[in-house]
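Worksheet: one structure, shown below.
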Amino acid sequence: MIFPKACLCNFFTVVLLSFTAIFCRCEAQNLVDFEQTILNAKELETRYTMYDHSKSANFRAYEQLLNKGGKIKQRLLKMFPKASPAGKFYIVMLLYKTSPKDGLAALKGLSSDNSKVRYRRGCIGEMFTVARLAAKFQNELPQNYLEN
């Protein structure tokens with residue numbers, strides 16, 4: 001059976017749009033997974049925290065969201081109030097990387113939070129109040145506490 005060119009063009013267009021929709025849905029799902037990891041983070045970890053110098057799941061999620069840049073700024077701002085104490089610091093650093101003014105404003109918003117957060121650099125972990133760690137970060141910005 002011979003198909004007219006118009007039918008073949010329409011068929012290929014539908015196939016191409018289907019693959020595009022599937023790819024976008026997968027990318028959006030990954031973004032949601034990374035956001036959930038940050039939102040529920042139990043501790044704030046630098047790049048290398050494992051003995052084998054591997055990256056934690058939290059840090060990998062942070063990097064993936066960082067790659068999205070300013071495109072997810074509004075999503076981060078919505079996540080901030082619901083995030084765990086460690087998640088708030090990841091969001092602050094993400095915001096600071098894309099918009100220093102917004103990152104600093106979010107960091108200042110943590111100055112009266114007395115909940116506890118565990119901060120791990122390498123294999124050393126310390127407990128801080130959110131307010132104390134926020135003050136430490138604020139005094140030493142623009143140093144990136146997660147890259148070390």
Side-chain angles (χ1 to χ4, degrees), residues 9-148:
C9 289
N10 287 341
F11 172 76
F12 288 122
T13 302
V14 169
V15 170
L16 181 61
L17 289 174
S18 298
F19 282 123
T20 303
I22 290 169
F23 174 75
C24 290
R25 200 171 319 129
C26 289
E27 185 174 320
Q29 183 60 45
N30 286 339
L31 184 59
V32 169
D33 291 343
F34 297 137
E35 288 173 350
Q36 285 301 313
T37 299
I38 293 299
L39 199 61
N40 301 315
K42 299 285 187 234
E43 55 187 9
L44 181 63
E45 301 162 311
T46 57
R47 178 182 300 267
Y48 302 111
T49 56
M50 308 300 167
Y51 290 105
D52 63 353
H53 292 285
S54 62
K55 296 176 188 174
S56 69
N58 290 344
F59 193 84
R60 287 192 309 269
Y62 164 81
E63 283 184 317
Q64 292 300 319
L65 293 174
L66 186 59
N67 289 337
K68 298 295 178 190
K71 296 181 220 170
I72 61 166
K73 178 181 158 186
Q74 292 306 314
R75 290 174 78 143
L76 293 172
L77 291 170
K78 285 181 185 177
M79 287 170 54
F80 186 75
K82 299 180 275 184
S84 67
K88 287 180 181 179
F89 279 100
Y90 281 111
I91 292 169
V92 162
M93 297 309 292
L94 287 163
L95 286 171
Y96 192 80
K97 286 273 200 168
T98 58
S99 171
K101 183 177 124 187
D102 290 324
L104 191 55
L107 187 59
K108 287 180 180 180
L110 299 176
S111 65
S112 61
D113 187 339
N114 289 318
S115 55
K116 301 282 185 182
V117 63
R118 185 171 195 49
Y119 178 45
R120 287 186 49 176
R121 289 183 103 164
C123 58
I124 299 170
E126 294 179 76
M127 288 296 280
F128 291 92
T129 65
V130 169
R132 183 168 168 231
L133 191 57
K136 179 178 174 55
F137 276 35
Q138 193 173 339
N139 289 336
E140 299 176 17
L141 284 174
Q143 179 178 344
N144 188 348
Y145 285 89
L146 303 180
E147 298 296 324
N148 301 336

CA sep, side-chain torsions, deciding dist, call: L110, F137, side chain to side chain contact (heavy atoms under 4.5 Å, CB included):
CA-CA 11 Å; L110 299 176; F137 276 35; over 6 Å; no
With side chain to side chain contact (heavy atoms under 4.5 Å, CB included) as the test, would you mind laying out the steps for L104 and Q138 before giving the verdict?
CA-CA 7 Å; L104 191 55; Q138 193 173 339; 4.1 Å; yes
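Residues satisfying the side-chain contact (heavy atoms from CB on, under 4.5 Å) criterion with K71, sequence neighbours excluded, are absent altogether. Contacts of S99 classified as side-chain hydrogen bond (donor to acceptor under 3.5 Å, both in side chains), with partners at least two apart in sequence or in another chain: D102. A search for salt bridge (charged side-chain N to carboxylate O under 4.0 Å, His left out) contacts involving R118 returns E43, not counting sequence neighbours. Under the side-chain contact (heavy atoms from CB on, under 4.5 Å) criterion, T37 pairs with N58, A61, not counting sequence neighbours. Judged as a side-chain hydrogen bond (donor to acceptor under 3.5 Å, both in side chains), and not counting sequence neighbours, T129 has no contacts.
Taking the side chain as every heavy atom from C-beta outward, M127 and V117 never approach each other to under 4.5 Å. In this structure, the side chains of Q64 and F34 come closer than 4.5 Å at one or more pairs of heavy atoms. Side-chain contact check for I91 versus Y96: every heavy-atom pair is 4.5 Å or farther apart. Looking at heavy atoms from C-beta onward, I38 lies in side-chain contact with L65 at the 4.5 angstrom threshold. Within the 4.5 Å cutoff, side-chain heavy atoms of Y62 are placed close to those of K97.
Of the residues I72, L76, L77, the one that meets the side chain to side chain contact (heavy atoms under 4.5 Å, CB included) test with Q74 is L77.
Residues L95 and A106 approach most closely at CD1-CB, 4.1 Å, considering heavy atoms. Minimum interatomic distance between K88 and F80 (heavy atoms only, all atoms of both residues): CE-O, 3.3 Å. When all heavy atoms of A41 and A86 are compared, the pair lying nearest together is O-CB, 3.6 Å. When all heavy atoms of V130 and F89 are compared, the pair lying nearest together is O-CZ, 3.5 Å. Residues F59 and Y90 come closest through the heavy atom pair N-OH, 4.3 Å.
Contact check on E63 versus K55 returns a salt bridge, with a Lys/Arg side-chain nitrogen under 4.0 Å from an Asp/Glu carboxylate oxygen.
Taking NZ of K42 as the reference point, atom CZ of R120 lies at 15.0 Å (rounded to 0.5 Å). Between the CD atom of E35 and the CG atom of L94 there is a distance of 10.0 Å, given to the nearest 0.5 Å. Taking CG of L133 as the reference point, atom NZ of K116 lies at 12.0 Å (rounded to 0.5 Å).
A donor-acceptor pair under 3.5 Å is absent between the side-chain atoms of S111 and the main chain of A131, judged by distance alone.
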